[in-house]
Asks: 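Please see the structure below; I have some questions.
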Amino acid sequence: MDDSGLLPVRVSTFDELIERGGIERGSTILISGSCGAGKSIFAMQSAYYGALAGEKVYYITFEETPGKIKTHMKTNFGWNVNAVEHEKKLVLESADPFKISMAINAEDEMWRMKGLLFHVDVMDRAIPSKVDRIVIDSLSALSAAFIDKDKYRLYLKILFDSLNRKNSVNFVIIESRQDLGFHSEANIAEFLSDGVIVLYNIRKDQVRERALEILKLRCSSHVMETIPFKITYKGIEIFPQERVF
Amino acid sequence: MDLKKELSGLPESGIVLITSPAEEITKTNMDILRIITGGGIRGVYITVNHPYKTLIKHLERNGIDPDNFFFIDCITKTAGGRAERADNCLFIASPNSLTELGIALTQAIQMIPGDEKFIFMDTLSTLLIYNSAGTTAKFSHFLITRIKLLGLKGIFMSVENELDERLLSQIEQFCDKCIHIS
């Protein structure tokens, strides 16, 4: 672990794309991409290898159940999430986005408090000491649960504020449109985040190719190119020397 | 034309573009491969025309040892063939998966021991069936630059008259030598 205030991302050669070789603690990074682009794999790879390196990781899922995630990660990439969970390095929990939404709608004047309490309390209870890395998978599931989009935007503001107060690197997953060069709808999440990593799943006639780019990163300069990557039996493999055609 | 003489003058990291009439291209390919591998060099064979399995048989029939190559097969999967796992071949989804082809080439080069290696591409003109002329030119430039940076030899085959004039002149300027077989 780096004591300089930087935390490596630990996803293949991703850290080579960042001049400082990692992300500043206290940063919240959006992982944006279309369906099947590899967002959850990216986040879990970072979480898993972080945990293996001795970090404390908290992963909250609003979509797949923890059991399913563990099975898929073990089957596809050989990552033993159960083992790092058993060693209390990684906590993988699920939450129902509709319950959060309902709680907020039920007591209007208290909703800020409830939103904050949910995340801060759950995280603090899960990992009593410090948290190095937090993953929220995903905002899209949360967004779908909110009927009132103004409340959702305000909720996001509080969520990002609460994450940024932690001395951790936080990854927040969001689904976006898939076209290369058009990563997402302009939204408050991008504005609030300290960085945006976009994963593309590009269709070329009958086949698809994957690529990623760092669209924004406040803590460091970074490569500006779109870099190809593949999902292999090792997880995400990034090829900084290659080009997307 | 004395192909052996033409190819022997090539510098260590030289790139040569060879155009041949369609009816001669298969024979020309075999002649060139016999000359290069005869010098004891091993290389990467990028095939856009013949599936790996067919190519192996073809090489053997022509007295060329397939063990001299690591193959990148861009056509088996496109043609709906079964890409069976092979120790000396990487299968690409399609000839328009140029990003994947670039990645595979880097991996294939690493699989071949030694410093002196070659890259053989059969054939550049077939890429035009699956890619635009602009993309083909961009990819060719990337590939040729990569081969030069690695200090390798590159032999790019093309069927005569299948590359349009503009594309041909673009690619020719990236190459160290152009051989037109008539």
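Order of the sequence lines sets the chain letters (A, B, ...), proteins ahead of strands, with each chain counted from 1. Quick note: numbers below take in every heavy atom, side chains included, and nothing from hydrogens, waters or symmetry partners.
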Asks: Would you say CD of B/Glu165 has more than 12 non-hydrogen atoms from neighbouring residues, nucleotides or ligands within 6.0 angstrom?
Replies: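 Atom CD in B/Glu165 is not packed in, count stays at 12 or less.
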Asks: Please list all pairs meeting ring pair (Phe, Tyr, Trp, His ring centres under 6.0 Å) that have one or both residues in residues 14-36 of chain A, counting only residues at least two apart or in different chains.
Replies: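 Passing the test, one end in residues 14-36 of chain A: A/Phe14-A/Phe42.
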Asks: Count the heavy atoms of every other residue, nucleotide or ligand shown that sit under 6.0 Å from CG of B/Asp115, and state whether that count exceeds 12.
Replies: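 Atom CG in B/Asp115 is not packed in, count stays at 12 or less.
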Asks: Partners of B/Lys27 by side chain to side chain donor-acceptor pair (under 3.5 Å), sequence neighbours excluded?
Replies: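 In terms of side chain to side chain donor-acceptor pair (under 3.5 Å), with neighbours along the sequence ignored, B/Lys27 is linked to B/Asp31.
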Asks: Under 3.5 Å, which donor-acceptor pairs link side chains of residues 86-93 of chain B to any protein atom two or more places apart or in another chain?
Replies:
residue, atom, partner, partner atom, Å
B/Asn88, OD1, B/Tyr52, OH, 2.5

Asks: Between chain B and chain A, which N/O donor-acceptor pairs sit under 3.5 Å?
Replies:
residue, atom, partner, partner atom, Å
B/Asn96, O, A/Lys204, NZ, 2.5
B/Asn96, ND2, A/Lys204, O, 3.3
B/Asn96, ND2, A/Asp205, OD2, 3.1
B/Leu98, N, A/Glu209, OE2, 3.4
B/Thr99, N, A/Glu209, OE2, 3.4
B/Thr99, OG1, A/Glu209, OE1, 2.8
B/Thr99, OG1, A/Phe245, N, 3.0
B/Thr106, OG1, A/Glu242, OE2, 2.4
B/Arg146, NH1, A/Glu242, OE1, 3.4
B/Arg146, NH1, A/Glu242, OE2, 3.1
B/Arg146, NH2, A/Gln241, O, 2.6

